[in-house]
Amino acid sequence: RSAGQAIVVAVADNDACGMAVRLAMALLRPGCDSMHLVHVCRDRSDAVKTAAKQLVARYASIAAATLGNIVPVVVPRSLSV
């Protein structure tokens, strides 16, 4: 059995991200790989973080159909990279 992969998908509120999640779902090997759904918030306000968590949760519920390990991640944008 090979080591699992971490498939990282950046998500936003647009159609392209939905397509990217579906592509990652096709690549994911259940029980072996994990899919990390990452959204970077524009600021640290509670309203923005709540909306970001809801967005990532929406994609996570779609990706859950793979029966793989789905990891939702919300990160506030830093001032520097």
Side-chain angles (χ1 to χ4, degrees):
R1 182 174 179 174
S2 63
Q5 298 182 60
I7 301 169
V8 179
V9 182
V11 296
D13 192 15
N14 62 46
D15 293 337
C17 291
M19 187 179 298
V21 169
R22 288 189 297 278
L23 176 61
M25 288 171 65
L27 298 172
L28 187 128
R29 297 173 296 168
C32 188
D33 299 335
S34 62
M35 183 188 313
H36 298 256
L37 301 171
V38 180
H39 180 78
V40 179
C41 296
R42 67 180 182 270
D43 64 50
R44 296 175 184 267
S45 71
D46 288 338
V48 170
K49 287 191 286 187
T50 298
K53 288 177 183 178
Q54 290 172 346
L55 174 71
V56 173
R58 188 175 77 215
Y59 285 115
S61 68
I62 295 167
T66 63
L67 302 178
N69 182 30
I70 309 302
V71 182
V73 180
V74 174
V75 181
R77 183 171 65 188
S78 299
L79 296 176
S80 61
V81 176

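The shown structure was predicted, so the numbers you read here are calculated from the model rather than taken from an experiment.
In this structure Ser61 satisfies the side-chain contact (heavy atoms from CB on, under 4.5 Å) test with no other residue, sequence neighbours excluded. Residues satisfying the side-chain hydrogen bond (donor to acceptor under 3.5 Å, both in side chains) criterion with Asp43, sequence neighbours excluded, are Ser45. With sequence neighbours excluded, the residues forming a side-chain contact (heavy atoms from CB on, under 4.5 Å) with Arg44 are Pro76, listed by chain and number.
Hydrophobic clustering, defined by side-chain heavy atoms of Ile, Leu, Val, Met, Phe, Trp and Tyr closer than 4.5 Å, groups Val8 together with Val38, Val71, Val73, Val75.
Each of Val48 and Val56 belongs to its own hydrophobic cluster when Ile, Leu, Val, Met, Phe, Trp and Tyr are linked at side-chain heavy-atom distances under 4.5 angstrom.
When side chains are defined from C-beta on, Leu37 does not count as touching His39, because their heavy atoms never get closer than 4.5 Å.
Shortest non-hydrogen contact noted between Gly4 and Arg29 is CA-NH2, 4.0 Å. Summarising the geometry of Leu28 relative to Gly68, their closest heavy-atom pair is CD2-CA, 3.6 Å, with the distance given to 0.1 Å. Across every non-hydrogen atom of Pro30 and Thr66, the tightest pair is CG-O, 3.2 Å.
Taken to the nearest 0.5 Å, the CG atom of Asp33 stands 13.5 Å off from the CE atom of Met25.
The side-chain hydrogen bond (donor to acceptor under 3.5 Å, both in side chains) contacts involving residues 47-60 comprise Asp13-Arg58, where partners must be two or more places apart or lie in separate chains.
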Solution key, residues 15-24 side-chain donor-acceptor pairs under 3.5 Å, sequence neighbours excluded:
from  : atom 1 : to    : atom 2 : distance (Å)
Arg22 : NH1    : Gly18 : O      : 3.2

